[in-house]
2 protein chains.
Amino acid sequence: MNKIQELPWDNPRFRTWIAVARAEKAIVRALSKALEPLGLKIAQLDMLMNLYRHPGQSQHDLARRLLVGRSNITMLLPQLETQGLVRRESDANDRRILRLYLTQDGEERLMEALAVYTRLIDRVMAQSTPEQCEAMGEQMRRISEALAED
Amino acid sequence: MNKIQELPWDNPRFRTWIAVARAEKAIVRALSKALEPLGLKIAQLDMLMNLYRHPGQSQHDLARRLLVGRSNITMLLPQLETQGLVRRESDANDRRILRLYLTQDGEERLMEALAVYTRLIDRVMAQSTPEQCEAMGEQMRRISEALAED
DNA sequence: TGTATTTTGTTCATGATTGAACTAACTTTG
DNA sequence: CAAAGTTAGTTCAATCATGAACAAAATACA
């Protein structure tokens, strides 16, 4: 069996990726905990944020923007609906489409959650200077673009 | 309702976090696909890698290193065992402990997978200069440390 | 018009992961 | 030594995301 020339643990690029994956996981954990008192999960907050920015979008659009399956939206929406945070309205012109809107309560809960969210991210990103942080964001966006070519 | 002063979408630090989360997700997707021909999932590869570096560790230690629950290890291990990639041996001195070892096949599969893995990560990280990449890794490690204080 | 294709949302079976409860084995301590 | 506490691994129920199969509705096109 041919051994690999350089084991990944000694590869700086690989070590960076490991660090990225670990940090992302840590942030997700911390965010989950921070949102718990608000009765929101990350997936739900993502939806609320998207609906705030793009009111009236269809479930299909929302799924595409969140990079999740359409069925996922179908499963998650009732949770927000029964909490009274989101409203679904049939489109008049295309009866297949359900248009999604935040309710007043939904918008208020979103604002509370965003305060928690930004506080956490500010704290996390305070580990870097604004310039470093900006550079990191730029690199990450390039990575996403590079991988999007499929 | 008090509006939030600055909406997160205009916050550079927040935008960086979104970019990180997106890129991480994209890389995980790409890696999943790349490993498919080898019959390995990411979680399984993580285990093989850890067992290569730390042969003979217990399931408890492995779970701790991978930052997953112990039950997860219990569920995943049989998949690798039936493929003949991993061997479990009872510890002679402490009969609660099962010590884990890669088999010859396991090591060979790991090397194949690592070749695929490093090729992908090299491609991904080639979006940055080595210096940028190194800086990013350093920032990510600081973030993990900052959040570890719980 | 009428048939074929596409699109939207839902349902369902599947797989991953988690945490709590449990058993067996070891350790501490009185 | 015996009781209490701790640790390793397993089991199980619950949560969550996914993709395939499907129904209803809209669109294309012949």
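By convention in this document, chain letters (A, B, ...) are assigned in the order of the sequence lines, proteins followed by strands, and residues within each chain are numbered from 1.
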Q59(A) CD - dA25(D) P separation (whole Å): 16 Å

Upstream residue (5' side of DNA chain C) when H60(A) and D94(B) are each assigned their closest nucleotide: H60(A)

N72(A) side chain, from C-beta outward: closest of dG9(C), dG9(D), dT18(D): dT18(D)

Protein-nucleotide distance (L76(A), atom CG; dA14(D), atom C1'), rounded to Å: 15 Å

Sugar-phosphate, base or nothing in reach of R99(A), heavy atoms under 4.0 Å: nothing

Spacing between L66(B) atom CG and dA16(C) atom P, to the nearest angstrom: 15 Å

Selection from dT10(C), dT18(D), dT17(C) that lies nearest to any side-chain heavy atom of R70(A): dT10(C)

Length of the line joining R64(B):CZ and dG9(D):C1', which is rounded to integer Å: 15 Å

Touch class at under 4.0 angstrom, heavy-atom based, for R95(A) against every strand present: sugar-phosphate

Salt bridge flag under 4.0 Å for residues R119(B) and D122(B): no

Between C1' of dC26(C) and CG of D91(B), the distance in whole Å: 12 Å

Side-chain touch M49(A)/Y117(A), heavy atoms, less than 4.5 angstrom: yes

Sugar-phosphate, base or nothing in reach of S71(A), heavy atoms under 4.0 Å: base

Salt bridge present between R22(A) and E24(A) (N-O < 4.0 angstrom): no

Donor-acceptor pair between R88(B) and Q59(B) side chains, under 3.5 angstrom: yes

Whole-Å distance separating the CG atom of L77(A) from the C1' atom of dG9(C): 11 Å

Touch class at under 4.0 angstrom, heavy-atom based, for Q79(B) against every strand present: sugar-phosphate

Phosphate contact (dC16(D) OP1 or OP2) by K41(A) side-chain N/O below 4.0 Å: yes

Sugar-phosphate, base or nothing in reach of I73(B), heavy atoms under 4.0 Å: nothing

For atom CG of L67(B) and atom C1' of dA16(C), their distance in whole Å: 16 Å

Residue closer to the 5' end of DNA chain D, A43(A) versus N93(A) (nearest nucleotide): A43(A)

Distance below 4.0 Å between R29(A) side-chain N/O and dT17(C) OP1 or OP2: no

Under 3.5 Å: donor-acceptor pair, side chain of R142(A), backbone of Q127(B): yes

Lys/Arg N to Asp/Glu carboxylate O, R141(A) vs E138(A), below 4.0 Å: yes

Per R96(A) side chain, nearest of listed nucleotides dC12(D), dA8(D), dT6(C): dT6(C)

Distance in angstrom units between M47(B) CE and dG9(D) C1', rounded: 13 Å

Minimum-distance nucleotide to S58(A) side chain [options: dT10(D), dG9(C), dT18(D)]: dG9(C)

